[in-house]
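The structure under discussion appears below in the form of structure tokens.
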Amino acid sequence: MKTLTLSEKELPFDLDLTFSCGQIFGWKKSGNIWKGVHNGRIITIRQDNRTIRYSGCDKKVLYHFLGLKDNIPEIYQSICTHIAKFTHEKQDLFFLERFLLSKGIRILRQDPWECLFSFICSSNSNVRTIGKRIGLLMENYGTCCSIGENLFPEPLAMGAIDEESLRKCLTGYRAPYLMGTAEYIITHPDFFLKISSLSYPDAKKELMILPGVGPKVADCVLLFGFERMEAVPVDIRIRKIITAQYQDIIPGEKGTKTLSYDTIADFCRSYFGPYAGYAQQYLFATRDVRQELSV
DNA sequence: ATCCAGGTACCCA
DNA sequence: TGGGTACATGGA
């Protein structure tokens, strides 16, 4: 195990919250140690206050993966500045409360394929089931590292599976999505490079070419896999929160009609600013989620 | 049992 | 372009 100590500008950081808030799947905690796959390697991480112990990668990779370069106080300031500009009020107490509950979260920098694979698996399921599903897929089709330690399935492996056996891994109707997307990645080897080079709106359109990738999954992949902090995944929970808390201040949206995906996401970008993705994650990941997951 | 879950594809007006 | 609906399945 290697060790590093978090400096003042790398705080706050909460490993548990970061790994259990629904942005990454397939990681397991035993004792105090989190273990999982990042970029084709098995990594273990534990946190004791400001001490991080880790294995499986070098310090540079870990820093990048964990988003430790992000300056959280600056990000929070940026968000507050944009809120104040939007509302002409001093502060948003609702958001402040949510932020204080989950400020230790970092937006991870996941491997694009691992992230894409995960969020195709995520549709219309709860966080716990998604984790199980991805665990099964890794056990059955992931490259074996050592006994009991598998990586994510490679696109080539996914393309070669018959749908019937894939459906046995709790994938259900998502099975053809996984296979179709794998096939597309195989036949377009520069796909992720292309996504990196495109603007946020164009990258999102391009991702949505893939089967099983709609606006929500595309935003998750852009936020968690491509560092696009302006991406705002709108799921049921975010929809409920924005509707209940902010619908009245969205221009032209006062009333009872349901808000469209883009209305919610665009509002978040204009309300929270360029770090809307972080703001979204603070709203999404409250303490109840943490309790729900910490079994 | 019934409803819900980090949705998407497809159909129809 | 926008609004229903089917889809699989574990959890609560």
Side-chain angles (χ1 to χ4, degrees), chain A residues 17-27 98 102 105-108 110 114-137 139-140 163-184 204-226 228-229 231-244 252-253 255-266 268 276-295:
Chain A
L17 207 44
T18 297
F19 277 78
S20 57
C21 71
Q23 62 173 317
I24 193 165
F25 306 99
W27 279 68
R98 294 300 177 113
S102 52
I105 284 183
R106 300 295 173 132
I107 299 293
L108 293 169
Q110 298 179 44
E114 291 165 4
C115 189
L116 173 61
F117 181 93
S118 297
F119 280 95
I120 288 175
C121 290
S122 76
S123 72
N124 208 23
S125 300
N126 60 51
V127 171
R128 184 182 305 226
T129 305
I130 299 164
K132 268 192 191 175
R133 178 177 299 136
I134 290 171
L136 272 174
L137 288 166
E139 279 174 35
N140 284 283
E163 190 178 321
E164 280 309 303
S165 60
L166 193 55
R167 278 176 181 265
K168 286 170 188 163
C169 297
L170 306 183
T171 55
Y173 62 86
R174 304 165 193 82
Y177 299 160
L178 287 170
M179 297 178 71
T181 289
E183 180 64 27
Y184 192 92
K204 184 168 173 180
K205 279 180 208 158
E206 190 71 16
L207 276 166
M208 287 170 64
I209 288 173
L210 302 169
V213 180
K216 155 67 169 61
V217 171
D219 275 329
C220 286
V221 173
L222 288 170
L223 179 60
F224 304 131
F226 286 92
R228 302 299 177 100
M229 300 301 156
V232 180
V234 179
D235 74 320
I236 299 276
R237 184 184 310 196
I238 292 298
R239 170 175 296 281
K240 280 180 185 164
I241 292 170
I242 297 300
T243 301
E253 299 293 340
T256 54
K257 59 183 169 178
T258 52
L259 304 174
S260 76
Y261 187 101
D262 285 338
T263 297
I264 293 174
D266 290 341
C268 287
Y278 253 103
Q280 171 274 153
Q281 200 57 25
Y282 295 137
L283 292 179
F284 181 87
T286 48
R287 286 286 168 180
D288 59 308
V289 178
R290 189 181 194 181
Q291 284 163 4
E292 185 182 302
L293 292 168
S294 63
V295 177

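Values below: every heavy atom of this structure, side chains too, minus hydrogens, waters and symmetry copies. Chain letters run A, B, ... following the sequence lines, proteins first, then strands; residues in each count from 1.
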C:dG10 and B:dA9, which share atom name P, separated by this distance in whole Å:
23 Å

Measuring only the C1' atom in each nucleotide, how far is C:dG3 from B:dG6? A whole number of Å is fine.
23 Å

Using side-chain hydrogen bond (donor to acceptor under 3.5 Å, both in side chains) as the criterion, list what pairs up with A:Tyr278, not counting sequence neighbours.
A:Asp70

Counting any heavy atom closer than 4.0 Å, what does [X] reach on the DNA or RNA strands: base, sugar-phosphate only, or nothing?
X	result
A:Lys240	sugar-phosphate
A:Val234	nothing
A:Ile24	nothing
A:Tyr261	nothing

Integer-rounded Å distance: [N] [atom2] and [X] [atom1]:
X	N	atom1	atom2	answer
A:Ile238	B:dG7	CD1	P	11 Å
A:Arg237	B:dA5	CZ	P	9 Å
A:Arg239	B:dG7	CZ	P	11 Å
A:Met179	B:dT8	CE	P	20 Å
A:Phe119	B:dT8	CZ	C1'	15 Å
A:Lys204	B:dT8	NZ	C1'	13 Å
A:Arg128	C:dT9	CZ	C1'	15 Å
A:Asp235	B:dA5	CG	C1'	9 Å

I'd like to check the side chain to side chain contact (heavy atoms under 4.5 Å, CB included) partners of A:Glu139; sequence neighbours left out, ordered by chain and number.
A:Leu136

With sequence neighbours left out, what residues match A:Thr263 under side chain to side chain contact (heavy atoms under 4.5 Å, CB included)?
A:Ile250, A:Glu253, A:Leu259, A:Ser260

Can a donor-acceptor pair be found, under 3.5 Å and without considering hydrogens, that links the side chain of A:Gln280 to the backbone of A:Ala265?
no

Minimum side-chain heavy-atom gap A:Ser125-A:Arg133 below 4.5 Å
yes

Validation row: A:Pro176, A:Arg167 side chains within 4.5 angstrom (heavy atoms)
yes

Residue pair A:Phe25, A:Val127: steps toward the side chain to side chain contact (heavy atoms under 4.5 Å, CB included) verdict
CA-CA 8 Å; A:Phe25 306 99; A:Val127 171; 3.9 Å; yes

My understanding is that only residues two or more places apart in sequence, or in another chain, count here; which of them pass salt bridge (charged side-chain N to carboxylate O under 4.0 Å, His left out) with A:Asp262?
none

Check nucleotides 5-8 of chain C for protein N or O atoms closer than 3.5 Å to its own N or O atoms and list the pairs.
| unit_1 | atom_1 | unit_2 | atom_2 | d |
| --- | --- | --- | --- | --- |
| C:dA8 | OP1 | A:Arg167 | NH1 | 3.1 |
| C:dA8 | OP1 | A:Arg167 | NH2 | 3.1 |
| C:dA8 | N6 | A:Asn124 | ND2 | 3.3 |
| C:dA8 | N1 | A:Asn124 | ND2 | 3.3 |

Tell me which of A:Ile130 and A:Ile209 sits closer to the 5' end of DNA chain B, going by the nucleotide each one is nearest to.
A:Ile130

Would you mind telling me which residue lines up with the more 5' stretch of DNA chain B, A:Phe25 or A:Pro211, judged by nearest nucleotide?
A:Phe25

Distance under 6.0 Å and angle within 45° of ring axis: A:Arg237 vs A:Phe284
yes

Atom pairs under 3.5 Å: protein N/O with N/O of nucleotides 10-13 of chain B:
none

Under a 4.0 Å threshold between the charged nitrogen and the carboxylate oxygen, would A:Asp219 count as salt-bridged to A:Lys204?
yes

